[in-house]
Amino acid sequence: MGPFPVDRFVPYGPSHWVLMVLIVVGSVAVAAVGHRQRGSPSAVVFTRGFALVLLAFGVVTLTYRLLPAHWDIGESLPLQLCDLAWIVAVPALWTHRPLACALLYYWGLTLTPQAMITPALDAPDFPSFDFVEFWGQHLLVIWAAAYLTWGAGVRPTWRGYWFAAAVTLSWGAAMLVFNARAGTNYGFVSRKPDNPSLLDVMGGWPWYLGVEVVVGLAAWALLTWPWTRSPRRVVRA
């Protein structure tokens with residue numbers, strides 16, 4: 001018998017709690033490494049190595065999903081924000097460009113943790129491919145955001161806030177159109193997920209979309225304000 005006695009992943013079961021601990025421990029570890037290496041040649045090696053690891057993981061899992069045996073138009077396309085987050089994380093880590101880092105900051109430190117707290121995962125537990133793909137992708141994105149923010153010192157700005165808001169709202173509108181045409185539910189903008197989530201307290205469709213936008217933008221503003229109180233705390237790449 002494996003380390004987790006259940007056959008399928010169970011929210012807040014043993015494996016879920018292990019992963020929640022890994023979020024915190026891994027984030028603190030990469031932030032500490034980044035802070036210690038900041039400004040040194042080893043920082044470039046580390047951050048670009050991190051980017052390559054994330055790229056390799058993402059390409060392998062995406063290729064697997066696109067194979068005919070596993071193709072599902074409702075799940076295989078990289079259209080969820082969590083999918084886009086790892087795609088953005090690669091250039092953000094490689095270049096430290098402020099706008100790429102802004103997307104990773106807001107997506108990686110708000111939306112991705114939410115997906116881990118209320119995971120929409122109906123799959124076998126570890127070490128199944130679905131389990132490793134879902135949790136590996138989310139953990140790497142959160143660690144990348146933590147590394148760039150607290151380790152490398154790339155701080156959010158109000159310009160990045162408005163850029164992330166515009167990109168996210170445009171993505172949501174595009175997903176509404178795509179879902180209507182393809183019969184899918186990317187981003188859960190066309191209906192709520194089957195598993196319990198924060199959307200359950202935001203009303204029915206389409207009202208929860210408006211609530212989600214207001215709450216999300218307010219939360220992002222609160223996550224931006226502390227970094228922008230003093231210009232000396234803003235590091236531009």
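Because only heavy atoms are used, hydrogens play no part in the values below, and waters and symmetry mates are left out as well, while side chains stay in.
Side-chain contact between L19 and I23 is absent, with no heavy atoms from C-beta onward closer than 4.5 Å. Using a 4.5 Å heavy-atom cutoff, the side chains of Q137 and D83 are in contact. A 4.5 Å side-chain heavy-atom check between E133 and D130 finds at least one atom pair inside the cut-off. With contacts defined as side-chain heavy-atom distances shorter than 4.5 Å, the pair Y161/L223 does not qualify. Contact check for C82 versus H138: side-chain heavy atoms found under the 4.5 Å cut-off. Here the side chains of L77 and W71 are in contact, with some heavy-atom distance below 4.5 Å. P156 has its side chain out of reach of W220: every pair of non-hydrogen atoms, C-beta onward, lies at least 4.5 Å apart. Residues T184 and M175 form no side-chain contact, since every pair of their non-hydrogen atoms from C-beta on lies 4.5 Å or further apart.
Other cluster members for V60: none, since no ILVMFWY side-chain heavy atom sits under 4.5 Å from it. Applying the 4.5 Å side-chain rule to ILVMFWY residues, one finds W94 in the same cluster as L52.
Of all heavy-atom pairs between S128 and P124, the closest is OG-O, 2.8 Å. When all heavy atoms of A100 and V88 are compared, the closest pair comes out as O-CG1, 3.3 Å. Scanning both residues, W205 and V189, for their nearest heavy atoms gives NE1-O, 2.7 Å. Minimum interatomic distance between A89 and L54 (heavy atoms only, all atoms of both residues): CB-CD1, 3.7 Å. G108 and V141 get closest at one heavy-atom pair: CA-CG1, 3.8 Å. In terms of heavy atoms, V132 sits closest to P127 at CG2-O, 4.0 Å.
Applying the ring-ring contact (aromatic ring centres under 6.0 Å, His included) definition to pairs two or more places apart or across chains, those involving residues 21-63 are F46-Y147.
Connection of V28 to L148 is not established within any shared hydrophobic cluster, with ILVMFWY side chains joined at heavy-atom distances below 4.5 Å, either directly or through further cluster members. Side-chain heavy atoms closer than 4.5 Å link hydrophobic residues (I, L, V, M, F, W, Y) into clusters, and following such links, even through other members, never connects V167 to V214. Hydrophobic clustering, with ILVMFWY side chains joined whenever heavy atoms are under 4.5 angstrom apart, groups V59 together with V90. If you chain together hydrophobic residues whose side chains sit under 4.5 Å apart, F134 and L66 fall into the same group. There is no path of hydrophobic side-chain contacts, each under 4.5 Å, that joins F131 to Y64.
Interatomic distance, S15 OG to W135 CH2, rounded to the nearest 0.5 Å: 7.5 Å. The distance from the CG atom of L103 to the CZ atom of F163 is 5.0 Å, given to the nearest 0.5 Å. Within the model, atoms CE of M20 and CG of L22 stand 11.0 Å from one another, a figure rounded to the nearest 0.5 Å. Here H16 contributes atom NE2 and I117 contributes atom CD1; the two are 8.0 Å apart, rounded to the nearest 0.5 Å. Rounding to the nearest 0.5 Å gives a distance of 11.0 Å between CZ of F188 and CG of L81. One finds the CG atom of L55 at 11.5 Å from the CG atom of L140 (value rounded to the nearest 0.5 Å).
A distance-only check finds a donor-acceptor pair linking the side chain of W17 to the backbone of Y12 [under 3.5 Å]. For T168 (side chain) and A165 (main-chain N/O), no donor-acceptor pair under 3.5 Å exists by modelled atom type. The closest donor-acceptor contact from the side chain of Y186 to the backbone of L176 lies at 3.5 Å or more, if one exists at all. For the pair T47 (side chain) and L93 (backbone), a donor-acceptor distance under 3.5 Å is present. Looking only at distances, no side-chain donor or acceptor of S76 sits under 3.5 Å from a matching main-chain atom of I73. A side-chain donor-acceptor contact under 3.5 Å links R38 to the backbone of G151. Side-chain atoms of T228 come within 3.5 Å of backbone N or O of W225 as a donor-acceptor pair.
Annotation for W158: atom CH2 counts as buried by contact number, over 12 foreign heavy atoms lying within 6.0 Å.
Ring-plane geometry between W150 and Y105 is classed as tilted, the angle between the planes lying from 30 to 60 degrees on a 0 to 90 degree scale.
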